[in-house]
Amino acid sequence: MIVTHLKLKNWRNFREVDVPLHERTYLLGANASGKSNFLEVFRFLRDVGKAQGGGLQKAIVDRGGMQALRCLHARKDNEIRIEIHLSEGESADDDHWIYVVGFKHEGQGARRTLVSTEQVWKSGVRILNRPDQTDLADKARLTQTALEQIQANEKFRPIARFFNEITYLHLVPQLLKYAEKIGGNRLEDDPYGQGFLERVARTSPRVRDARLRKIAKALSLAVPQFKELRYAPDPVNGRPHLEAMYQHFRPNAGWQREEHFSDGSLRLLGLLWVLLEGNSLLLLEEPELSLNDAIVREIPVMLQRIQRDKKRRRQVLISTHSEALLDNPGIDARGVLLLESREEGSSIRPINENESLAIRHGLSVAEVVLPKTRPANAEQLGMWE
Amino acid sequence: MFLATEDELSEIVGLRLAEESGLAITDPLRKGGNGYLRSKLANFCGMARGVPVLVLTDLDTAACPVALINSWKGRLTFPDNLVFRIAVREVESWLLADTEGMAALLEIPSARLPRAPETLADPKRELLALASRAPRAIRSELVADRGALASQGLGYNRILGDFVRNQWCPARAAECAPSLARARRRISELAARI
């Protein structure tokens, strides 16, 4: 299933969003233009729909409450609304789903956050429409979405499952290398890769070894001297570890544990692992970090490879600032979204007519769209003192 | 020695041509586009008094190689060890000129390939047009998917880079590409001299 369209109202720094999404969607924008906030919508829906320890109220509280979620530029209308269109496939016979959820503070009393609307459409037929009579009779029901309730989401279980499987990884190498020293505190779902090794450990040995073999093949192309990669739990305390062998070490120098890997090797390892893991929507935040341009240049090609494989075909949303990542004229520019900061909040748009013209004539996204994300006065930063 | 080119594919072609004459490129220089080559031409001249420099660029829409050289050169004099070569019109015509190799890559009859690729106004477009009739596996790498907003396939450089490294025969290609024949001659002269 892929997300084909997204509409937002009053979400974070967006007053209004209405954009199509493609199998590979690239989000471009200046710093603080809202790229992460845009990706956050999908993690929010995942948290709302989570069967254990999820739900609308928790997803809101975890993000700092309605004040933090609602767009500062929202006018009188203070409802936050998310509308997401999903499709099972490309043909018209496939099921098309629309899920809509809106919520806002109740105007009086306990000032709870209540669902103001929740709708599900399946191939053009509305199969859920809240608030209904029972909701109006018992307002407490509106503190929960139907999405988060197994009994209520039966008819649209496929989309509940889809939200549940959304993957996000923004591996921070230092958090992984120093995980033991930094200690226990870890965010739910581990977005920053502190528990990446446990994730590897939980995979069945057969699948794990196959994936590590594939990853080792890629690493040997990208990391000079790299030779072998293996999963090696600590013999004393059983903690999971990865070990690599490099060519230039003395043959008996032994295997190096992940804390000795370079930041770039770890980032690439994490990236390759999530690409091989599952077939759900994948959110990648600045995959270019710590990586050499020559490797970054290959990221779009690797993503295409993955998508050619029917079993692993998955939608990927990528936020990036990287010229190298975008300078392949083969990138399908229909999947490019440009975020622009304005006084009344950020706006987001697909590429326009002039930009498509330039791309049809052989220019790359890096040439045509990326310059628009540069802050107008950036050169004056050099004068900073 | 140095090899200065305007894109990845030209760099791989340059490496192949140097290798064929037994020259080892130690320093490939590239920074996207021929504007870079042109702006650094004076620097290359200075460098070539110490270590040979091979500069490869595309003629693109310039009237003829002599006109392009003169307009770039201005008042510079090229030292002997600066070899400045121009692919007429683009490096893609040098690839197309190896009709046998290209036909094998695209799995199409070699009769479909142009006899004189240097006379084409846009050899890259010709290559893409030929590739769009190739079997799916190769086509989907070289040519943008139907409906996609892109001018070529994501694997364009990778596939043609592999082709140049492993399949392309410069000697065979030079028979249909006079500018390549001249480039090979100058490079082998350089190799004989140093």
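First the proteins, then the strands, lettered A, B, ... as listed; each starts at 1. Values below: all heavy atoms of this structure, side chains included; hydrogens, waters and symmetry mates excluded.
- Rounding to the nearest 0.5 angstrom, the gap separating the CD1 atom in A/Ile299 from the CG atom in B/Leu154 is 12.5 Å.
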Cross-chain donor-acceptor list, chain A and chain B, 3.5 Å limit, no angles:
| residue | atom | partner | partner atom | Å |
| --- | --- | --- | --- | --- |
| A/Arg305 | NH2 | B/Glu141 | OE1 | 3.3 |
| A/Arg305 | NH2 | B/Glu141 | OE2 | 2.4 |
| A/Arg308 | NH1 | B/Glu141 | OE2 | 3.3 |
| A/Arg308 | NH2 | B/Ser140 | O | 3.3 |
| A/Asn328 | ND2 | B/Leu154 | O | 2.9 |
| A/Pro329 | O | B/Ser151 | N | 3.4 |
| A/Asp332 | OD1 | B/Leu149 | N | 2.8 |
| A/Ala333 | N | B/Leu149 | O | 2.8 |
| A/Arg334 | NE | B/Gly147 | O | 3.2 |
| A/Arg334 | NH1 | B/Gly147 | O | 2.9 |

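- In terms of the side chain to side chain contact (heavy atoms under 4.5 Å, CB included) criterion, A/Lys217 has no residue partners (sequence neighbours excluded).
- In this structure, A/Ser290 has no side-chain hydrogen bond (donor to acceptor under 3.5 Å, both in side chains) partners at least two apart in sequence or on a different chain.
- The heavy-atom pair separating A/Pro329 from B/Ala150 by the smallest distance is O-CB, 3.6 Å.
- For A/His170, the ring-ring contact (aromatic ring centres under 6.0 Å, His included) criterion is met by no residue, not counting sequence neighbours.
- For chain A, the option among B/Ala144, B/Gly147, B/Ala148, B/Gly155 with the highest count of heavy-atom pairs below 4.5 Å is B/Ala148.
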